[in-house]
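One-based numbering, in listed order, for ligands and for the atoms of each.
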Amino acid sequence: MVTFKLDGCNPFVKQDDYAAYVQKAFEAFDVLRDETGEGNDFLGWKTLPSETPESLIQACEDVRDDWKEKGVELVVVIGIGGSYLGAKCAIEALSHAFVRPEGHPQVVFAGNNLSEEYLAELMDLAKLRSTAVIVISKSGTTTEPAVAFRIFKEYLEQTYGKPAAAERIVAITDAKKGALKTLATQEGYKTFVVPDNVGGRFSVLTPVGLVPIAVAGYDIRALLKGAAEEREALLVKSADNAAIQYAAMRNLLHSECGKAVEILVTYNPKLTFLAEWWKQLYGESEGKDGKGIFPASVANTADLHSMGQFIQEGSRVMFETVVNVEKSQRDVVIGADFQNLDQLNYLAGQHVNHCNAMAQLGTKLAHIDGGVPQMEVSIEKIDESNLGAIFYFFEMACGISAYVLGVNPFNQPGVEAYKKNMFALLRKPGYEDQTEAILKRI
Ligand code: PA5
């Protein structure tokens, strides 16, 4: 479960203003609950934690077991945006930072960029390992994953033969439409459906997240259960509801205190991709119609030595939301040293996590003194259940927050602009008539 703190905003806001924004968040909560707002055909994510059928969970676990039996050592998850960030976040958070997993395949990601070197180097790895692919695209037409999949499909077919390659490919896409659906049906790939009423960035608890996370060896039942418990808590319309508090305060800071940037702050490298997932969720949901809070992130304490100066003393445009993890699941205690040449004996006997916690607290006070309001989202520890909870918390708060802001959280019309230019420049059929006009501009 998530707990939420707002005390780091007290010096910056008036309680009456906060109460007014809680009222706005209540109204937005009603709109989201009653499904009366813009984008209300994309609200399937709300009930995923409690309504995911056992048969679907089992099917995700069957992929894991089948590939284990086949001796698969490497799984390449191909997807971009909402079709990879949730799984990447969960797997990075749950995995050992340095040692490859035993008993489960290594899970890596492709199709989220168009770097030739990245693909070539990933192919180098695939050649050393027994490889399988999960290709994810809701629309089934996105260029980056389509390019990566074409390359990996060819590689798997050449390496294992066409029938065996088909058994090493799982496609996750729309139930009926899109090039990937057509391809998967024709080639006989095992296929999972991205529900029509769940947008990419809200899809981590659909097969988009569940299949890769299960294949990596993590407990998707606990993930869903954690999200379901969080959902129960967030269903209550009250001023204690953490999603309502977060939505109210970030809108207040933005609209009344001139804060245009929100920084998600983590203090554990395992959570770096939680910030990437969050940035997409809030950036694509709120950044439209000339509105929105720009979502940024820092990974502390590393970034205290790079971005810390700006946050402390630069333009006063930001507030911070810190992701606090209460417990470390590993122990590393700093020893005593007879000579004490490094002058660290004052820390002898302390856990490294204690130093991290003091750095976090010291930073909170310094940033508040420097004019940066701070909120805090806490989880007890990094595990499947808590990740499920924090995913659901941020999704629910995002829906409420965007409705307070007055935008439709569930569309992303702006992402088409670059695609049109790129397609014209690549002379994609149907776009060639725009190529000359674009070339004249560059
Ligand atoms: O949130 C979204 O809808 C987008 O970011 C998509 O996830 C992203 O563009 C990938 O789309 P698709 O899954 O259709 O390939």
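Within the listing of ligand 1, atoms 7 (O), 12 (P), 13 (O) sit less than 4.0 angstrom from a heavy atom of Ser83. In summary, the atoms of ligand 1 found under 4.0 Å from a heavy atom of Ser137, numbered by their order in the structure, are 12 (P), 13 (O), 14 (O), 15 (O). Shown in contact with Arg201 at under 4.0 Å from a heavy atom are these atoms of ligand 1, numbered in order with element: 1 (O), 2 (C), 3 (O).
Using a 4.0 Å cutoff on heavy atoms, Glu144 does not count as a contact of ligand 1.
In terms of polar-atom proximity, Gly82 is counted as a contact of ligand 1, with an N or O under 3.5 Å from an N or O of the ligand.
Applying the 6.0 Å contact sphere to CD of Glu102 captures no more than 12 heavy atoms from other residues, nucleotides or ligands. Within a 6.0 Å radius of NZ in Lys419, more than 12 heavy atoms belonging to other residues, nucleotides or ligands are found. Residue Lys225 places its NZ atom among 12 or fewer non-hydrogen atoms of other residues, nucleotides or ligands, all under 6.0 Å distant.
The heavy atom nearest to atom 10 (C) of ligand 1, considering only Ile78, Ile80, Leu180, is found in Ile80. Counting only non-hydrogen atoms, the option in Val198, Thr142, Val135, Val415 that gets closest to atom 12 (P) of ligand 1 is Thr142. Around atom 4 (C) of ligand 1, the closest heavy atom drawn from Lys419, Glu284, Gln412 belongs to Glu284.
Of the protein's non-hydrogen atoms, the one nearest atom 5 (O) of ligand 1 is Gln280 NE2, 2.5 Å. Taking atom 3 (O) of ligand 1 as the reference point, the nearest protein heavy-atom neighbour is Gly200 N, 3.4 Å.
Taking the six-membered ring for Trp and thresholds of 30 and 60 degrees, Trp45 and Tyr392 have ring planes inclined between 30 and 60 degrees apart. Using a 30° and 60° split on the angle between ring planes, Phe393 and Phe4 fall in the tilted class, from 30° to 60°.
Cation-pi check for Lys420 over Tyr431 is not met; the charged atom does not lie both under 6.0 angstrom from the ring centroid and within 45 degrees of its normal. Under a cutoff of 6.0 Å and an axis angle of 45°, Arg33 and Phe29 do not form a cation-pi pair.
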